[in-house]
There are 2 protein chains.
Amino acid sequence: MTSTPVARPDEVRRHNRTTLLRLLHIGGPVTRATLANELGLNRSTIKTLVDGLAEAGVVEERVPRPGRGAGRPSLLVLPQPQAAVVLAVDIQVEHVAIAFVGLGGQILGRNSWNLHGRNREPGEVITHIVESATVLAGDLGCIPSGAGVSVPGVVRRADGHVHEAPNLRWTDIALGERLTSVLRVPVLVGNDAELGAVAEHLRGSARGSSDAVYVSADVGVGGGVIAEGSSLRGAAGYVGEFGHMVIRPGGRGCYCGSSGCWETEVGEAALCRALGLPEDTPRGAILVELKELAPDPEAAARRLAEFSEWLTLGLVNVVNLLGPQLVVLGDLFTMLPPSVLDTVTAAVRRRSLVSRAVGGTEIVPSSLGADVKLLGAAEVAFEQVLDTV
Amino acid sequence: MTSTPVARPDEVRRHNRTTLLRLLHIGGPVTRATLANELGLNRSTIKTLVDGLAEAGVVEERVPRPGRGAGRPSLLVLPQPQAAVVLAVDIQVEHVAIAFVGLGGQILGRNSWNLHGRNREPGEVITHIVESATVLAGDLGCIPSGAGVSVPGVVRRADGHVHEAPNLRWTDIALGERLTSVLRVPVLVGNDAELGAVAEHLRGSARGSSDAVYVSADVGVGGGVIAEGSSLRGAAGYVGEFGHMVIRPGGRGCYCGSSGCWETEVGEAALCRALGLPEDTPRGAILVELKELAPDPEAAARRLAEFSEWLTLGLVNVVNLLGPQLVVLGDLFTMLPPSVLDTVTAAVRRRSLVSRAVGGTEIVPSSLGADVKLLGAAEVAFEQVLDTV
């Protein structure tokens with residue numbers, strides 16, 4: 001417990017500058033008047049800040065497209081993407097994607113490759129990330145000042161230690177430290193669902209919602225929580241593992257040592273079983289099957305009845321435990337036939353005591369598509385970087 | 001998003017004063033030297049603050065008992081309990097307890113009564129609370145400057161609206177507003193498990209733990225979460241309802257409309273069934289039965305095998321979703337035979353992926369006994385009151 005020290009003027013200026021940059025970075029182009037309003041600062045302070053940033057090439061000002069109002073239009077302040085660039089990395093079970101993301105959140109360039117066999121080893125993945133980032137840096141003519149990495153596993157946020165990423169077969173990998181030592185910039189490593197929640201909160205379906213949960217299914221199932229506007233983490237910076245909530249006692253064995261875990265009933269393999277496909281059906285073929293099912297709600301309801309019930313039950317639990325305003329469904333869940341999603345949503349709202357108390361929890365699909373984890377990884381990198389721009 | 005304004009000196013002074021009072025209130029008597037250290041302020045600032053508080057009768061200074069060190073002992077600063085008094089109310093299903101709690105957390109006086117039949121109606125309960133508080137105020141010669149109320153139900157923290165307290169048969173009761181209008185002091189109403197978590201965090205088993213969960217069983221089962229040092233609430237200030245996590249799909253029907261809820265398997269009625277007692281066995285008789293079971297771990301394990309399994313499963317889920325450092329078990333759970341609690345703890349640590357990641361979640365009984373919710377109610381009241389002392 002410490003008291004807030006009195007801020008010195010230069011600290012105040014730096015603080016205001018970072019706050020202004022964050023606003024531009026997340027909110028996009030705005031007028032000086034809006035900035036003054038949102039930041040609670042007077043116009044002359046804003047002018048000084050914006051002029052300083054423009055001189056440093058971090059923002060530019062532009063005449064907006066003519067509006068309907070009379071009078072001189074207020075200049076728009078735009079973030080300059082190249083003024084601050086971060087490396088975002090999304091390590092998935094069968095695939096790695098990297099991107100350079102500029103100030104304002106725009107993806108400036110990207111690359112990706114598949115993982116199979118030996119190149120799934122941590123050392124190989126790290127080497128490939130660094131090589132690929134070097135190529136991108138050359139192509140784009142810019143150097144990232146920080147990096148964020150999404151990993152499908154249990155990650156300690158403080159130092160990026162990967163305790164377990166079972167589907168990658170990674171155990172106890174000092175990923176954060178190893179990447180930091182080769183990239184020579186601050187590296188933040190996060191659990192993929194946690195970073196998905198961050199991205200949805202800042203740029204996606206959960207924008208403006210201070211209490212939201214992101215739940216997503218790929219090979220495994222994960223969840224991230226935004227509570228009172230920030231990312232929720234438990235002890236030692238580990239986030240929860242929604243996929244390992246036991247939902248069906250005595251059910252299928254799970255690699256985690258437990259059985260009946262949620263992901264054994266609503267993960268990719270479970271969806272394949274529900275569709276009558278082999279468990280290792282490639283993603284593309286699953287999507288084709290789901291697409292064919294979509295126009296026939298009755299058939300969809302029938303074939304996915306059990307799958308939907310497990311999805312509903314798990315979501316009821318998530319809502320009853322955490323009381324979010326909004327649940328954002330990601331990845332495979334967004335590809336379910338709309339009629340099935342509607343049924344699940346209605347059932348969760350009906351069956352959850354807490355949903356009824358909060359006046360009906362909203363359940364919506366992710367709006368960020370395949371880039372959600374890349375964007376989340378970029379944002380946690382920007383968090384470290386914005387005050388040094 | 002707003003910038004931090006520059007603080008004025010009188011605001012800084014008031015802020016430091018409140019921080020110092022909070023430290024004394026929670027931490028108990030300390031020396032000026034410790035205060036200076038903990039608050040990061042110099043000794044002369046501390047002297048001015050303490051002198052001001054002593055003059056106002058909020059603290060007193062006392063020579064500590066002689067220690068081993070040589071030299072003049074540093075004076076101890078003690079909070080004066082009567083300098084700030086709050087009313088704490090714990091509404092339970094069959095019982096209401098009220099207490100006046102003084103600065104420093106001491107219970108200065110208390111009263112309680114049973115609820116049965118007509119006097120369980122909200123109007124009756126409110127009237128009885130006010131009458132009883134008036135008597136206490138007369139006896140103790142002090143008037144509370146705020147009140148905190150614990151309710152076993154779904155409560156909106158912002159205004160103390162009780163959405164549903166099913167075991168009391170209360171629905172949509174404006175408890176906060178109604179109590180505020182008769183007591184004429186700020187009234188904070190909270191869910192009982194949430195306030196239990198607050199109390200355990202500030203004064204009990206979770207002291208010093210920034211990521212803790214409190215789970216308690218009475219008629220129902222509830223849970224409260226401390227995340228990064230503060231109480232976690234979801235949308236609209238509602239906290240989660242752990243007891244309504246579905247743990248046994250297709251299990252017993254629950255009044256919430258769902259079935260297989262955790263509290264149908266580990267609440268008071270479930271414990272009675274496990275012990276072979278009628279579901280409405282009075283608490284005293286349940287405790288006698290549990291006490292007789294305690295010396296025989298084998299018999300305890302056998303009779304409570306199923307109950308323990310459901311308790312374990314639910315705790316695995318809580319740990320996997322929230323990743324706490326510590327789980328504090330409250331109320332009925334603390335009365336289980338120690339051998340059973342040990343078995344449950346070991347099983348949760350073994351079966352939860354997240355517990356393994358954080359190096360083994362600790363699971364401990366509440367140390368605050370029957371007063372836990374009263375103390376939590378007092379603390380949320382003090383939160384509102386300390387800066388006006």
(message) I need the B/Leu232 CG to A/Asp211 CG distance, nearest 0.5 Å.
(response) 8.0 Å
(message) Given heavy-atom pairs under 4.5 angstrom as the criterion, report whether the side chain, backbone, both or neither of B/Trp262 touches chain A.
(response) neither
(request) Identify the two heavy atoms, one from A/His244 and one from B/Asn320, that lie closest to each other, and give their separation to 0.1 Å. (result) O-ND2, 2.8 Å
(message) Are there residues of residues 248-259 of chain B whose heavy atoms fall under 4.5 Å of chain A's heavy atoms? If so, which?
(response) B/Pro249, B/Cys256, B/Ser258
(message) Out of A/Glu309, A/Gln325, A/Met245, return the one with the most heavy atom pairs under 4.5 angstrom to chain B.
(response) A/Met245
(message) Using a 6.0 Å cut-off, check whether atom CZ of A/Arg43 has over 12 heavy atoms from anything other than its own residue.
(response) no
(message) Only heavy atoms, only distances under 4.5 angstrom. Which residues in residues 349-357 of chain A are near chain B?
(response) A/Arg351, A/Leu353, A/Val354, A/Arg356, A/Ala357
(request) Against chain A, label B/Val154 side chain, backbone, both or neither, depending on which of its atoms sit under 4.5 Å from a heavy atom there. (result) side chain
(message) Do B/Leu322 and A/Leu322 make a side-chain contact, defined as non-hydrogen atoms from C-beta onward lying under 4.5 Å apart?
(response) yes
(message) Among B/Asn317, B/Thr312, B/Ile247, exactly one meets side chain to side chain contact (heavy atoms under 4.5 Å, CB included) together with A/Val246. Which residue is that?
(response) B/Asn317
(message) Is B/Glu241 in contact with chain A via its backbone, its side chain, both, or neither, using a 4.5 Å heavy-atom distance?
(response) both
